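When a residue number appears, it is its place in the shown sequence, counting from 1. Computed from a prediction, not measured in an experiment: that's the story for all the values here.
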Amino acid sequence: MSHAERRDERSRRRAMLERRIEQQRIDLLVAAERWHGAGGELDARWRALRHWRGALYGVGGLLAWRGAKRPRAFLRLARRAAAGALLWHRARRLLIRR
């Protein structure tokens, strides 16, 4: 192989590698955009939860106090709340998906 052929081969290989790197950069940018878009709703909900953090602490404290005071009534209320939340979740999934 002559010097010119080796130089041409190196140039072709370099161009191929540069195209591959450029495509990887594009793929990375697209993946990052998708990731940010997918996490947007979760971030918004987290910010809302942080906004109501003080109120949630207060409600949690009241529920803990009530649970310590009347454990059976608290467990009955907790079961009903869990069943209601499950029913609400399933109803939303059925109604929204169709």
Check: Side chains of R13 and M16: does their closest heavy-atom pair fall under 4.5 Å?
Finding: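 The answer is yes, as the side chains (C-beta and beyond) meet within the 4.5 Å cut-off.
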
About how many Å separate [atom2] of [Y] and [atom1] of [X], when rounded to the nearest 0.5 Å?
X: W65; Y: L62; atom1: CH2; atom2: CG; value: 7.5 Å
X: I21; Y: E18; atom1: CD1; atom2: CD; value: 7.0 Å
X: R92; Y: L87; atom1: CZ; atom2: CG; value: 12.5 Å
X: L94; Y: H89; atom1: CG; atom2: NE2; value: 10.0 Å
X: D43; Y: H36; atom1: CG; atom2: NE2; value: 9.5 Å
X: R93; Y: W88; atom1: CZ; atom2: CH2; value: 15.0 Å

Margin query: Could you check whether atom CZ of R80 has more than 12 heavy atoms from other residues, nucleotides or ligands sitting under 6.0 Å from it?
Written below: no

Check: Just wondering, more than 12 heavy atoms not from E5 lying within 6.0 Å of its CD?
Finding: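 Above 12, so yes.
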
Notebook entry, point to check: F74, V59: one ILVMFWY side-chain cluster at the under-4.5 Å cut-off?
Noted result: yes

Checklist line | side-chain contact (heavy atoms from CB on, under 4.5 Å) assessment of R19 paired with Q23 | finding: CA-CA 6 Å; R19 283 192 304 270; Q23 185 60 46; over 6 Å; no

Notebook entry, point to check: If every non-hydrogen atom of A68 is compared with every non-hydrogen atom of P71, which pair is closest and at what distance?
Noted result: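 Distance-wise, the nearest heavy atoms are O-CD, 4.1 Å.
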
Check: Given the rule in the side-chain contact (heavy atoms from CB on, under 4.5 Å) test, do R50 and R53 qualify, once you have shown the distances and angles that lead to the verdict?
Finding: CA-CA 5 Å; R50 286 184 52 107; R53 182 175 46 189; 3.8 Å; yes

Note to self: Using a strict threshold of under 4.0 Å (side-chain N to carboxylate O), is an ion pair present between R12 and E9?
What the structure shows: yes

